[in-house]
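Just so we're on the same page: letters track the sequence lines, and every chain starts at 1. The analysis underlying the following values was restricted to heavy atoms, covering all of them including side chains, and did not include hydrogens, waters or symmetry mates.
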Amino acid sequence: MGIRGQVERRTFLKAAGVTVASLGATAVGCGGGTGGSGGGGGEVTIRYAWWGADDRAKKINQAIALFEKKYPKIKVKTDFQPYADFWKKFNTQAAGGNPPDVIQNAVTFLRKYAARNVLLDLNPQVKEGNLSTQGFRAGLEKFAEIDGKLLGVPVGSNSMGYIIDEKLYEKAGVTPEFGWTWNDWVAGLGKIKEKTGVAGDAGPSGIMYYYDLVLRQRGKAFFTDKGLGFEESDLVTEWTEAMKRTRSGLYANPKRVEQLKPKSATAGGISAGEFTWDNFSVRYAAEGKSSYGIAPIPTIDGRKTGQYLGSLMLSGTRRTKHPKEVATFINFMVHDPEVGRIMGYDRGVLATQKQFDAFEPTDKVSKQIAAYETKIAQSGVLEPITPHPAGSDVVETAFMRLATELSLGKASPGEAAQKFFAEAKTALSTSD
Amino acid sequence: MTHTMETRQPRPSPPGDRAPRPGSASQRSGRRRENLAGYLFMSPWLAGFLLLTAGPMAVSLYFAFTDYNLFDAPQWIGLSNFQEMFADPRWQKSVEVTTKYVVIGTPLKLAAALGVALLLAQSRRGQAFYRAAFYAPSLIGASVSIAIVWRALFTDGAIVDRAQTQFFGLNVGGWVGDPDWILYSLVALTVWQFGAPMVIFLAGLKQVPRELYEAAAVDGAGPLRRFWNITLPMISPVLFFNVLLETIHSFQVFGSAYILGGQGNPCGPADATLVYTCYLYQQGFENSRMGFASAMAWMLLIAVGLVTAVLFWSQKRWVHYEENAR
C-alpha cells in the first residue's frame, strides 16, 4: 500500500488539539469597551444615542442640523439601534466607562442607572441657566426626579390605550366609551367573535403595562419603588382567567400571534384590539390593512383607569466631559418649537407647551393621539408614576416570556406565576 | 532521543523536549538565538493568544466565582453561581435544548455531508462546479444575514408554510413562531451548512485505494457492502475528526439561534431555542450578571471537554488507523 493511502494519526491528534483549544474561546465572553471621545480646538463633540428606526433617525438628524446651525461650536454624533440592542450596547459602554454623552431614556431604566451612578444630575445645569424646566405640560418636569436629582428631561408623554380595528368594531356594533367596564369589554369581545369570527383581543397576558393598570384599578401596582406590588395569587387568578378566554376564542390563537411577530396581532388581522401605548398607533396604520382607532381603557367602577403618563426622556451621562453642552443640547431638543414641528408625536405627545403648540397634527393618527391624550388629561384620571426599581427591565422581559409559555400551553398559570416570582426575586435582588 | 544540530535528522524534536543536548557553547548560543527568532516570529500569535484568549479566560474563571454586574467591583461568592445554575429551571431547559440540537443536528449534518461527498467523489463532468456549489452554503451559513433569510423562509405565510400546506395538507403555520417546530428549522439550518465536513470527507474518500474496491468487486461485494466494509472503515479517522469538530461546534451555536426567534423572541418563543450560549448571553448582557454568565461558560467548557474525552475514548472501538504503512 502506498504512502498516499495513509491517514496520519498524529495529524489528526494535532488537529483535534487545535479543536480543543478553540473550545477555550467559549469561556471568553466578558470584556470592557474602550474608545476615545473627540473634541478640541474650541469645538466640542457630544455623542447622542437613542433607540428607534429609520423614520425617527431622519427626524432627529433634521433637528440636529438645526441645533448645529444655531450652536456651531457643538457637534453632535448620533448612534441608534432597536430598543433591546440599544440597552445592551449602552450597558456595555457604560460599564466600560465610555457611554454616549446624551441618551434617550425611559422610566424603567431610571433607578437602575441611578443606582449604578451612570446618569448625570442636571440640577446644577438648571441653576446655571443652561437648561430650563419651565413650560412643561402636566408636571412632566418632575418626571425623572429621583432622590432630589434631575436625571432626565421628558421629550414627550404617552399613556396606555386600547388600539382597536375600527372596521371590526363597527361590523360587530360595539362602541367603546370612556368609563366602560371590564364586563362591557368582555361582552364586546364575545360579540366581535360571534359577528366577525375574529378574536376580540390579541391576549394581554404578557403586557406588563396592561397588568399594571388592572392592579392600579384595585389599589395595587405592578411595581413599588422597591419591588413587586402584587402577590403570586393575583397573577394566578389573572392568568387563569386569561387562559379561559384564550380557549374560548375571545383572545387570539397564541401560536398565530407568535408566528405573526414582529407584526402585531391586530395589524395582522387576527384580533380586533390590543393594549399598547397610544403613540404606537402610528405603527398599526403602516402595518395593517384596516383602519385603527384608540379606545379608552376599561374600568371596574366606571371611572378609575389607573392610567398615568409615561414618557421618553433625554438623560446625560455622568462621565461626560461636557455637561454644559449636554444641557444646552437637551434644552434645545425639548424647547425649540421648530424641533417640535419636526419630531411630531414620534416619541409621544410633545412635552413642552411651546412644542405642543408648534406642532399641528394633520394626519389622522396624530389627531387621534392628541384627542385621546387631551381627553384623559381632562377627565382627571391620571395618576403619578413611580419610577420602577432597579432590575425592572429584567422583570418585564421575564413577564413577557412566561406569559408566552403560559399561552402556548407550555406552563400552567400556577407554574408560570411561580416561575415569574422566582425570576423577579432574583432580578430585583441582583440589580442593586 | 539523541540528535544534534550538526546532523539534523528529518524528525525534529518535539516541543518541550528537555533531554540534555551535547554541543559546544557557541552551538548552544546559536541555538538560543534561533529559539529567540522563533519566539519573535511567533510573537503576534502569542500576544494575541495571551491577551485575547488566555487572559480573558483567566479573568472569566475568576468572575465565575463572583457576583459581578459590570458596574460594581466583583464580589467573591464561592460556588453560589454553580449552585444557582443547577437549581435554575431555565438553565436546565437550555441544557435540554442544546443536547437535543446536538444529538439531532450533528448526525444529520454529517450524514448529509457524507452522502453528498460520496456523490461528488465520483469522476464526472462538472464536478468542480458541484463541489463549489455545495460548499457555498457553509461559507455564508454562519452569517447573520442567512439566519434572517432562514427566518423569512420559515415564518408564517412564507414559502415553507405554503409548501407544507399545499403539498402535505399540514396547516401548522410558520415554524418560526411555533415552540414545537422552531428547533427543527434551526436544525435544518445547520444541516444545510454541511460544506466543511463534506470537503474533509471528500479528501478522505480520495485516499481510499481503488485496489480495495476492485478486489471486493471481484469477490462479488455490492455497493452497500463495499461502502460498509471498505469506505467506512477506511475513512473512519476522517469521520472521527468530523464528529468531534461538529459536535463541539454544535454546542457553541449562538448567532443563528438568537436571530431565528426574531426581535420579540430572541432564543425562540417559550424558550424553544434557548440554546446554552443564548441563555449565557441573556444572563451576561441583558441581565448584567457577568459572574453567572462566566460560571455558565466554564460549565460549558467542562461539559464539552467531557464529551470530547468520551469521543476520544470511543475511537479505539471504531476508528481504524493504518499504523503499518510507515
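- For A/A94, the parts sitting under 4.5 Å from any heavy atom of chain B are the backbone and the side chain alike.
- Heavy-atom pairs under 4.5 Å with chain A peak, among B/P89, B/S288, B/G204, at B/S288.
- A salt bridge does not link A/R116 to B/D72: none of the charged side-chain nitrogens sits closer than 4.0 Å to a carboxylate oxygen.
- More than 12 heavy atoms of other shown residues, nucleotides or ligands fall within 6.0 angstrom of atom CD in A/E287.
- A 4.5 Å side-chain heavy-atom check between A/R401 and B/R90 finds at least one atom pair inside the cut-off.
- When all heavy atoms of A/L408 and B/P179 are compared, the closest pair comes out as CD1-CG, 3.5 Å.
- In this structure, the side chains of A/E423 and B/D88 stay at 4.5 Å or more apart for every pair of heavy atoms.
- Between A/R256 and B/D178, no side-chain nitrogen of the basic residue sits less than 4.0 Å from a carboxylate oxygen of the acidic one, so the salt-bridge criterion is not met.
- With a threshold of 4.5 angstrom between heavy atoms, A/V257 does not approach chain B through any atom at all.
- Residue A/T426 comes nearest to B/E84 through the heavy atom pair CG2-OE2, 3.8 Å, listed as atom of the first residue, atom of the second, then distance.
- Counting heavy atoms from C-beta outward, B/Y281 and A/K88 have side chains that approach closer than 4.5 Å.
- Atom CZ of B/F71 is separated from atom CG of A/N117 by 10.5 Å, given to the nearest 0.5 angstrom.
- Counting heavy atoms from C-beta on, the side chains of A/T92 and B/F285 come closer than 4.5 Å.
- Across B/V319, B/D271, B/I235, B/D67, the residue that shares the most heavy-atom pairs under 4.5 angstrom with chain A is B/D271.
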Could you go step by step and tell me if A/V394 and B/Q283 meet the side chain to side chain contact (heavy atoms under 4.5 Å, CB included) rule? CA-CA 10 Å; A/V394 179; B/Q283 285 287 4; over 6 Å; no
